[in-house]
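Since the structure is predicted, the reported quantities are computational estimates derived from the model, not experimental observations. We name chains A, B, ... by the order of the sequence lines, and we start the count at 1 in each one.
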Amino acid sequence: MSEGILWEVFTQSKNGAPFTHAGSLHAADEEMALQNARDVYTRRGEAVNIWVVKSEEIVASSPGESGPFFDPGNDKAYRHPQFYKVPKGVRGI
Amino acid sequence: MREVQLIKQFEERINNGESIEPKDWMPEKYRKQLIRMMSQHAHSEIVGMLPEGNWITRAPNLRRKLALLAKVQDEAGHGLYIYSATETLGVDRSDLIEQLLTGKAKYSSIFNYPTLSWADIGVIGWLVDGAAIVNQTMLAKGSFGPYSRAMIRICKEENFHKKQGFEIVATLAKGTPEQKEMVQDAVNRWWWPSLMMFGPHDSDSPNSEDLMKWKVKLNSNDELRQRFVDLTIPQAKAVGLTVPDPDLKYNEETGHWEFGEINWEEFWNVVKGNGLMNKDRLRARNKAHEEGAWVREAARAYAEKRETAN
């Protein structure tokens, strides 16, 4: 671990936008992680805010089990508006 | 599940244009090829700072100096993006850097040529970054998610590199006779090494077949080289410069520029470490690494001190 802790970097492109993953970097502490993230991932005004998160603290779903894991959300067509019929000529529903 | 089945599923995903992510199952050969290719790419970005860094203190004016500083800083950033992406495959960055410093790992041979005049800085931006963009635009469409995402980011930034380079070239080309001569000399020296950047002929490229099957690469070395030549010759003509190839001619039927044979003996000689600057580059990298050791130690000591204070 000569390069320090591994951090994942998330950037927000403009106020109100969601944070998206930009990449990762190594740094000894959180302050340096933020500064390095700024220098590595936002040299051209790509962000108004940055999050850095210790990589080891992220809990992720496992790709191999993504089928059964996401299954509960995939078989409920009635959660989408397209499931429902609207009588002809009615607008704005 | 049996390996054969897993490979079949993997290849189906690739053929469907899906992106492979670090935790997905992948053939060991795919992982190894990517680590080899991506770490070489990262090393190239880092070593690539050296030939250009050579001219920062001697840039002809402040505008040029600002641009060159920003470009060299970008190259450091590109190295970091790609090292990060390589680490997602389960390798340790310090091992990769160790391989570079001990000369075990390769980097692009183009950086083993010297930058003899200011015109070289323009020509590197135009030809070397131009060739890199052709290659990286393809890599951005590759199958491994972290690598292709890094390439998209890098391609955006490289466009500035190429344009600032061409501005230098165009300025010198319409300058005094001495300036024009200087830029023509730079083109003469960098042209062939730039074509060599795309690697050996497809028939002599041992890794190409698997890389293409798994969409790590989408075009062959020769296809990309041709694309680069077709793109570049009209640009050279536009500023009144020539490339040092007596066999160069336009084929009306195919719409392509045909060019002469590359000196492969020179290519392999530089790959093997006998280029003009191979030793110099490694010495400079090792020196920078050693002289930066105190910064890494200080950062670690400071982090530990704050940890115990909390």
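- Heavy-atom distances place the side chain of Arg153(B), and not its backbone, under 4.5 Å from chain A.
- At a threshold of 4.5 Å between non-hydrogen side-chain atoms, the residues Arg44(A) and Phe160(B) count as touching.
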Audit row: Arg43(A), Glu157(B), side chain to side chain contact (heavy atoms under 4.5 Å, CB included) steps and yes/no: CA-CA 10 Å; Arg43(A) 284 194 301 283; Glu157(B) 301 186 352; 2.9 Å; yes

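- Looking at every heavy atom in both residues, Ser24(A) comes nearest to Ser84(B) through O-OG, 2.8 Å.
- For a residue to count as touching a neighbouring chain, one of its non-hydrogen atoms must lie under 4.5 Å from one of that chain's; by this rule Ala22(A) touches chain B with backbone and side chain alike.
- The environment of Lys14(A) atom NZ is sparse: at most 12 non-hydrogen atoms of other residues, nucleotides or ligands sit within 6.0 angstrom.
- One N or O on the side chain of Tyr81(B) and one on the backbone of Val40(A) form a donor-acceptor pair closer than 3.5 Å.
- Under a cut-off of 6.0 angstrom, the local environment of CG in Asn16(B) is crowded, with over 12 non-hydrogen atoms contributed by other residues, nucleotides or ligands.
- With chain A as the partner, the residue from Arg93(B), His78(B), Glu21(B) showing the most heavy-atom pairs under 4.5 Å is Arg93(B).
- Heavy atoms of other residues, nucleotides or ligands lying less than 6.0 angstrom from CZ of Arg36(B) number more than 12.
- Interface summary for chain A: among Pro146(B), Ala150(B), Ala299(B), the most heavy-atom pairs under 4.5 angstrom belong to Ala299(B).
- The 12-atom threshold is exceeded at CZ of Phe19(A), counting heavy atoms of other residues, nucleotides or ligands nearer than 6.0 Å.
- Between Lys305(B) and Asp29(A), no side-chain nitrogen of the basic residue sits less than 4.0 Å from a carboxylate oxygen of the acidic one, so the salt-bridge criterion is not met.
- Between Glu30(A) and Arg306(B), the closest side-chain pair of non-hydrogen atoms falls below 4.5 Å.
- Note that CD of Glu87(B) is 9.0 Å distant from OG of Ser55(A), once rounded to the nearest 0.5 Å.
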